[in-house]
Visitor: 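Just passing along the structure, written as structure tokens.
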Amino acid sequence: MTPPPPTTPPTSPPIDPFAPARLGPLTLRNRIIKCATFEGATPEALVTDDLVDFHREVAAGGAAISTVAYCAVSPGGRTDRHQIWLRPEAGDGLIRLTGAIHDEGALAAAQLGHAGPVANAPSNRAPAIGPGAIPAPMGMGLTDRLDTDDIPALVRQFADGARLAVDSGFDAIEVHCGHNYLLSSFLSPLLNHRRDRYGGGVDGRSRLAREVLEAVRGAVGDDVAVWAKLSMFDGVGTPGRGRGHRRWSGFNVDDACATAQLFESDGFIDALEPTAGSSLLNPMYLFHGTPPRAEFAAAFSGVMRTGLRLAGPVFLKHYPYTDAYLLPLARELRSAVDLPLILLGGITDRESIQTALDEGFDFVAMGRALLREPDLPARLHADPATRSRCVHCNLCMPTIYSRTRCPIRTGEVPDPLASPSD
Ligand SMILES: Cc1cc2nc3c(=O)[nH]c(=O)nc-3n(C[C@H](O)[C@H](O)[C@H](O)COP(=O)(O)O)c2cc1C
């Protein structure tokens, strides 16, 4: 007998976050990516055993990909001289690093970037560059305007850096188009006032990022995954033009949707990782939660420390933390493009992972929760009820200047979740 037709349309079963999944040419063992958290473990701008151990631990903890933060494409593209820049001399260490990640069953991604106005020029002994002469507070100066004639050389640096990373064993390249680093400073209408083809509307402001993505894809071929970490909102003004927009608003979610559509139609990337906030103008928008004002100021000396103490409440604002706090903005991007999306920002437990997947995101990324507990993915797999012990205190944030760590994990700060018997 023919069964009666169903009265409700069949719904597809929820996606299992721990089943293997494709990201471009790669098969990931699950849908959790460790996002870039600058490790502060490269004092000589070369890979150290410490950096290898950091990523080995993440990979052993179950994430599908460990992202090596901030591999600069040139000496002046570093935020300071203690960051790796991609050059042949760095190759042997990078091979050791990717080997350690692979040995633990994970894949390795390199975050490729140029700091632009976030660079500390005196430390780098190279000028900071930007779309025009804009403040570069880390070096207490202004950026040099990147001349149109110099853009092809910069694009080539990204391509060469990507090739070196892949030759050193990286499976994926993340191009940093966020946080008002160089490519993101070009995207921002607040920072980019150029009148040439690299300024103006979204088309012009996104041109540099698009040329970089094309060059990176050309350099690495189709066997490597390439994605862009793209800001949705600088955290200045209002998140969208139609929402009480003021003229001085920075890059916002409407710009981000238009940019993402251009990236998609170009066809050079396999995914997008939406982010928000600005290392230059509004760092706390990246993180939400308690701003570590005193600890941040204490990480500096002299004039910077005094300046940060005075400017703390303005520079390090407080945004209430909620799990998956970037989801409302990221949903707009989800509606704008078909590209696979990696949701980040307050992803810590099975509920937030499942919400992301149910809403059409393809992967999630975790930062602070894995600094607190690198083995969280494996534990979430074994027991879906596992709760993260990250309390979003953001005390990890200023540790980038002295070897990145969770001060609760190291015992430098008492664990607010500890029970009296712990
Ligand atoms: C200590 C620390 C260092 C970070 N360094 C970087 C970095 O080098 N590059 C980057 O794109 N984002 C960096 N981030 C931002 C994270 O990648 C991520 O966008 C942010 O922490 C939000 O994700 P979460 O809620 O999972 O921590 C850093 C975050 C932290 C906490």
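Predicted, not measured: the structure shown is a model, and the values here were computed from it. First listed ligand is number 1; within each ligand, the first listed atom is number 1.
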Visitor: Do any nitrogen or oxygen atoms of F38 come within less than 3.5 Å of a nitrogen or oxygen of ligand 1?
Guide: yes
Visitor: Considering the options R389, K34, R379, which one meets the salt bridge (Lys or Arg N to Asp or Glu O under 4.0 Å) requirement together with E373?
Guide: R379
Visitor: Would you mind running through ligand 1 and noting each atom that sits below 4.0 Å from a heavy atom of Y325?
Guide: 22 (C), 25 (O)
Visitor: What is the nearest protein non-hydrogen atom to atom 9 (N) of ligand 1, stated with its residue, atom name and distance?
Guide: Q111 OE1, 3.0 Å
Visitor: Distance under 4.0 Å to a non-hydrogen atom of M366: what atoms of ligand 1 satisfy this?
Guide: 26 (O)
Visitor: Yes or no: does Y181 have any heavy atom under 4.0 Å from an atom of ligand 1?
Guide: no
Visitor: Does any N/O atom on G346 come nearer than 3.5 Å to any N/O atom on ligand 1?
Guide: yes
Visitor: Can you tell whether the side chains of R163 and D167 come within less than 4.0 Å, N to carboxylate O?
Guide: yes
Visitor: Do me a favour and list the nearest non-hydrogen protein atom to atom 2 (C) of ligand 1 with residue, atom name and distance?
Guide: T37 CB, 3.8 Å
Visitor: For R96, is there an ion pair with D49 - N to carboxylate O distance below 4.0 angstrom?
Guide: yes
Visitor: Indicate yes or no: does D362 engage R334 in a salt bridge with an N to O separation below 4.0 Å.
Guide: yes
Visitor: For atom 12 (N) of ligand 1, what's the nearest protein heavy-atom neighbour? Residue, atom name and distance, please.
Guide: K229 NZ, 3.2 Å
Visitor: Below 3.5 angstrom, do we get any N/O pair linking R368 and ligand 1?
Guide: yes
Visitor: Is R217 paired with D270 through a side-chain N to carboxylate O contact shorter than 4.0 Å?
Guide: yes
Visitor: Would you mind telling me if ligand 1 is within reach of the side chain of I400, the backbone, both or neither, using heavy atoms under 4.0 Å?
Guide: side chain
Visitor: Between R31 and F363, is NZ or CZ placed under 6.0 angstrom from the six-membered ring centre and within 45° of the ring axis?
Guide: yes
Visitor: Pick whichever of S231, G345, A36 has a heavy atom sitting closest to atom 16 (C) of ligand 1.
Guide: A36
Visitor: Would the distance check show the side chain of N124 and the main-chain N or O of R78 forming a donor-acceptor pair, the cut-off being under 3.5 Å?
Guide: yes
Visitor: Please identify which atoms of ligand 1 are closer than 4.0 Å to at least one heavy atom of F287.
Guide: 21 (O), 29 (C), 30 (C), 31 (C)
Visitor: Answer side chain, backbone, both or neither: which part of H392 comes under 4.0 Å from ligand 1, heavy atoms only.
Guide: neither
Visitor: Per the ring pair (Phe, Tyr, Trp, His ring centres under 6.0 Å) rule, what does the pair list look like for residues 35-86, sequence neighbours excluded?
Guide: Y70-Y181
Visitor: Any N or O on E174 sitting closer than 3.5 Å to an N or O of ligand 1?
Guide: no
Visitor: Would you check the N or O atoms of G367, main chain and side chain alike, for any that come under 3.5 Å of an N or O of ligand 1?
Guide: yes
